[in-house]
J.: 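One structure is given below, represented as structure tokens, and several questions about it will come after.
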Amino acid sequence: MPRFTPSVSLSAPVSATGRHERALPDLHALAAFVTLCEAGSMAQAAQRLGVSQSAVSQLVKGLETTYGVQLLDRDVRPARPTRAGHILLDMADELLAHARSVAEHLRQRVRQDHAQIRLGCVDSFAATVGPALIRALSGSARELQLWSGLTPGLNAQLLARDLDLAICTEVPTDPRLAQHLLFSESWVAVFPRGMDCPPLRHAHDLKQQLQSLPALPLIRYTLRSVIGQQVERFIRHLGLELPQRYAFDATDPLLSVVAAGLGWAISTPLCLWQSRAWLDQVQLVPLPASRLGQREFHLLCREAQWGTTADEIARLTRSVLLQDVVPALRHAMPALPADAIRVHTAPARDAPSTPLPFPAPSTTYGVPPP
């Protein structure tokens, strides 16, 4: 028989006039009182509740103390409800029914809220992976809002609860946010079509190639974007000193300037796929692998509220990448190396993720075999 520990207070808030005010009912005690009235005896009520008769008696006395009224007439055997007891009994049924429904109503509201997902994504992800991800989520989300923008803005919206989840290329240092590493992509150099650009095996190859070019400036992303900041760190990592001349927020105008022969750029496969209208007017040269030579995509959320949904979105994103996006990239940009995109498998809790390389035939420095 389970042990029952009554959570009843034998005293109630008392005002200066001695009246009991704003006393909240002990639902355990209220349920015991209703059971006693229905059972007709203290012994039967104790048996139904799986507690001792003294526990039932203590709970009822606690209610009487809380409300300052006598609920049972103990001068008769078995004890019967007083007039106040009958009044409380009439009100208790509705109150207990509502209390019992709280858990189910809460679960329903959570399911409804999670059926409405506000997902933020960086622009290159929204334009390339986004459509297939929305299609995959359409069966589980009643309403899906996909917002796109720059990583700093998305992180701020997530922290302000304007977004439920966000896919970004930089992780904020906030302990409230959980992160899932989805995939990474390597930097690639983009030159005007027709320019002699041999494969780059090492960083010094890029330096030598730039010296042989006819004074082509680097076309940059602006530093207000995370990709612009990451490219600058990568350039410094390679030991390159390149003057500032042109900078753009988006890949479309950046590629248009490269296609016009006014410069070269450093970008990523997803950015190039987003602006693929320019692909036939430029040429790609994979950059040497290095510690800073990649851009990572993370799914961010508040784990307690959105952990399960985040796991599902991460799973669907990896599936969309491998089944839809990566094959399309491979077809459109055959010069990409085998590790241009590395999809990370879902790790066990606290275990490192496992990267899956870009599925491509054997290549040498990004050039497919004949």
Side-chain angles (χ1 to χ4, degrees), residues 122-133 167 169 181-203 205-206 209-210 218-219 221 227 230-231 234-235 237-238 250-252 254-256 258-259 263-297 317-345 354-370:
V122 292
D123 290 329
S124 57
F125 183 96
T128 54
V129 186
L133 179 60
I167 295 175
T169 54
L181 176 59
L182 300 175
F183 66 99
S184 59
E185 56 176 349
S186 301
W187 301 115
V188 294
V190 188
F191 291 94
R193 174 69 70 180
M195 186 168 289
D196 183 21
C197 299
L200 305 175
R201 294 170 175 80
H202 305 285
D205 290 343
L206 179 59
Q209 182 157 313
L210 292 177
L218 173 66
I219 312 300
Y221 290 96
I227 189 172
Q230 292 172 337
V231 168
F234 179 63
I235 291 172
H237 175 67
L238 294 180
T251 305
D252 267 329
L254 180 143
L255 286 188
S256 70
V258 174
W264 68 285
I266 295 176
S267 190
T268 71
L270 244 61
C271 289
L272 298 176
W273 184 237
Q274 177 188 8
S275 302
R276 51 189 173 273
W278 297 100
L279 285 181
D280 61 347
Q281 301 180 50
V282 298
Q283 59 179 324
L284 276 58
V285 178
L287 291 171
S290 70
R291 180 173 54 86
L292 297 180
Q294 61 183 7
R295 180 172 76 146
E296 294 181 342
F297 286 76
T317 297
R318 296 178 180 112
S319 176
V320 165
L321 281 166
L322 292 173
Q323 296 178 16
D324 298 337
V325 177
V326 166
L329 291 176
R330 179 63 194 155
H331 178 75
M333 293 176 275
L336 288 175
D339 60 352
I341 290 187
R342 298 174 67 85
V343 180
H344 291 254
T345 59
T354 303
L356 299 178
F358 185 88
S362 175
T363 59
T364 303
Y365 304 107
V367 180

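Along the sequence shown, residues are numbered consecutively beginning with 1.
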J.: Look up atom CZ in R342 and atom CG in L321, then write down how far apart they are to the nearest 0.5 Å.
T.: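 Answer for the CZ-CG pair, R342 versus L321, is 14.0 Å.
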J.: List the atom of A265, the atom of V258, and the distance in Å for their closest heavy-atom pair.
T.: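 Heavy atoms of A265 and V258 come nearest at CB-CG2, 3.9 Å.
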J.: Check step by step if side chain to side chain donor-acceptor pair (under 3.5 Å) holds for E185 and T268.
T.: CA-CA 7 Å; E185 56 176 349; T268 71; 2.8 Å; yes
J.: Contact between E296 and L181 at the side-chain level, heavy atoms closer than 4.5 Å - yes or no?
T.: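 Yes, at least one pair of side-chain atoms sits under 4.5 Å.
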J.: How long is the span from the CD1 atom in I341 to the CD atom in Q294, to the nearest 0.5 Å?
T.: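 If I round to the nearest 0.5 Å, the distance is 11.5 Å.
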J.: Go through V325 and V320 one step at a time and tell me if the side chain to side chain contact (heavy atoms under 4.5 Å, CB included) criterion holds.
T.: CA-CA 6 Å; V325 177; V320 165; 4.1 Å; yes
J.: So which of I266, L254, V190 actually passes side chain to side chain contact (heavy atoms under 4.5 Å, CB included) with I219?
T.: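 Going through I266, L254, V190 one by one, the side chain to side chain contact (heavy atoms under 4.5 Å, CB included) with I219 is satisfied by L254 alone.
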J.: For the residue pair R295 / S267, report whether a side-chain donor-acceptor contact shorter than 3.5 Å exists.
T.: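 No, no side-chain donor-acceptor pair sits under 3.5 Å.
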J.: Between D324 and A132, what is the shortest heavy-atom contact and its length?
T.: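 Residues D324 and A132, closest heavy atoms: OD2-CB, 3.7 Å.
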J.: Looking at every non-hydrogen atom in both residues, tell me the closest pair between Y221 and C271 and how far apart they are.
T.: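 Distance-wise, the nearest heavy atoms are OH-CB, 3.8 Å.
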J.: Working to the nearest 0.5 angstrom, can you tell me the gap between F191 CZ and W264 CH2?
T.: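 Separation between the atoms: 5.5 Å.
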J.: Are any of the side-chain heavy atoms of L182 and I167 separated by less than 4.5 Å?
T.: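 L182 vs I167: side chains touch.
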J.: Can you name the closest pair of heavy atoms from V129 and L270 and give their distance?
T.: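 That closest heavy-atom pairing would be CG2-CD2, 4.3 Å.
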J.: Has Q283 got a side-chain atom pairing as donor or acceptor with P192's backbone, closer than 3.5 angstrom?
T.: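 The answer is yes, because a donor-acceptor pair under 3.5 Å joins these two groups.
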J.: Under the side-chain contact (heavy atoms from CB on, under 4.5 Å) test, which residues partner A332, sequence neighbours left out?
T.: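 In terms of side-chain contact (heavy atoms from CB on, under 4.5 Å), with neighbours along the sequence ignored, A332 is linked to W273, L279.
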J.: If I take atom OG1 from residue T169 and atom CZ from residue F125, how far apart are they, to the nearest 0.5 angstrom?
T.: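 If I round to the nearest 0.5 Å, the distance is 12.0 Å.
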J.: Drop me the distance from L255's CG to S275's OG, to the nearest 0.5 angstrom.
T.: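 If I round to the nearest 0.5 Å, the distance is 5.5 Å.
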J.: Any heavy-atom pair between the side chains of V122 and F297 that's under 4.5 Å?
T.: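 Yes, side chains in contact.
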J.: Is the shortest heavy-atom distance from the side chain of V282 to the side chain of R193 under 4.5 Å?
T.: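 No. Closest side-chain heavy atoms not under 4.5 Å.
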J.: List the atom of L284, the atom of A335, and the distance in Å for their closest heavy-atom pair.
T.: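 Residues L284 and A335, closest heavy atoms: O-CB, 4.3 Å.
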J.: Say you draw a straight line from CG of L272 to CG of L336; how long is it, rounded to the nearest 0.5 Å?
T.: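 Those atoms lie 8.0 Å apart.
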J.: Just by distance, do the side chain of R318 and the backbone of H344 share a donor-acceptor pair under 3.5 Å?
T.: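 Checking the backbone N and O of H344 against the side chain of R318, a donor-acceptor pair under 3.5 Å is found.
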J.: Looking at every non-hydrogen atom in both residues, tell me the closest pair between S186 and P269 and how far apart they are.
T.: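 Scanning both residues completely, I find the closest heavy atoms to be O-CD, 3.2 Å.
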